[in-house]
Structures are given as structure tokens and as C-alpha cells.
Amino acid sequence: MKRIIFKGLGPMGNVTYEGQIIKDGAIIEVEDNIAEAYTKLGIAYEVTDELDAIKLQEKIKKDEEIRKKVIEAAAKEKGGKK
């Protein structure tokens, strides 16, 4: 089993694994072959250091906040949802 952290899950920011919705920045433990598949796709990174994982989670959270603000600003500009 390996621990991985998800990053870069696209505009929705989540993936389904074993019936659960996993969000960007989540750290989960999965089988080795599944961890390898997610890392090869570029949507997850293997957790080798907890401190680095926490820093990455904080960065992901900040990126999500920035993305949300940009989307809201674009929607207001186009006259969409407010």
C-alpha cells in the first residue's frame, strides 16, 4: 500500500475511488498498482514526507481559492451567475 496526494484533478477537482469522492489535496492509501497508475497520469504524487504533503495541500487550497475568484470574475464580466 502507498499513500498518495491528489493534485490536478481538472475543473471539477475530484475523482471517485471505491465509491467515495476524493477531492484535490486529499491524501489516501491505495494499492501499489493503483498509486502507480494515478502518478503516471499526473493527477497524484506519492507521499514520502508528511511535511511536504502538508505544504502541497496548502498550495492546492490557495490555487482553488484563486481559481474560484477567477471564475466568479469571468462570470460577472459575461453577465452570468453572480
Side-chain angles (χ1 to χ4, degrees):
M1 298 289 276
K2 290 184 179 179
R3 290 173 44 101
I4 57 172
I5 183 168
F6 286 96
K7 180 181 185 300
L9 294 177
M12 297 303 288
N14 60 50
V15 66
T16 302
Y17 175 72
E18 291 188 349
Q20 295 181 341
I21 296 176
I22 309 296
K23 294 187 176 191
D24 247 351
I27 299 174
I28 63 170
E29 193 169 315
V30 296
E31 294 81 17
D32 292 350
N33 60 339
I34 294 172
E36 186 177 331
Y38 281 135
T39 55
K40 282 186 178 179
L41 285 172
I43 60 172
Y45 300 92
E46 186 175 353
V47 174
T48 55
D49 181 14
E50 284 297 318
L51 291 177
D52 286 342
I54 291 169
K55 288 177 186 176
L56 185 56
Q57 279 181 319
E58 291 172 356
K59 182 182 181 328
I60 291 168
K61 186 175 180 179
K62 286 179 186 176
D63 290 349
E64 286 175 354
E65 291 172 1
I66 292 169
R67 183 180 307 121
K68 184 177 178 181
K69 288 178 185 178
V70 168
I71 290 171
E72 288 174 355
K76 286 181 182 179
E77 192 175 292
K78 290 183 180 180
K81 291 183 181 180
K82 296 181 181 178

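Computed from a predicted structure; not experimentally measured. The residues of the chain are indexed from 1 along the displayed sequence.
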In residues 23-35, what donor-acceptor pairs under 3.5 Å come from side-chain atoms, sequence neighbours left out?
| residue | atom | partner | partner atom | Å |
| --- | --- | --- | --- | --- |
| Asp24 | OD1 | Gly8 | N | 3.1 |
| Asp24 | OD1 | Leu9 | N | 3.3 |
| Glu31 | OE1 | Tyr17 | OH | 3.0 |
| Asp32 | OD1 | Met1 | N | 3.2 |

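- Sequence neighbours left out, the pairs with a member in residues 60-69 that pass salt bridge (charged side-chain N to carboxylate O under 4.0 Å, His left out) are Lys59-Asp63.
- Residues passing the salt bridge (charged side-chain N to carboxylate O under 4.0 Å, His left out) test with Glu36, sequence neighbours excluded: Lys40.
- The cluster map of Ile, Leu, Val, Met, Phe, Trp and Tyr, joined by side-chain heavy atoms under 4.5 Å apart, puts Ile22 and Leu41 in the same cluster.
- Applying the side-chain hydrogen bond (donor to acceptor under 3.5 Å, both in side chains) definition to pairs two or more places apart or across chains, those involving residues 43-58 are Arg3-Glu50.
- When all heavy atoms of Ala44 and Ile4 are compared, the pair lying nearest together is CB-CD1, 4.0 Å.
- Applying the ring-ring contact (aromatic ring centres under 6.0 Å, His included) test to pairs two or more places apart or on separate chains, none has a residue in residues 54-77.
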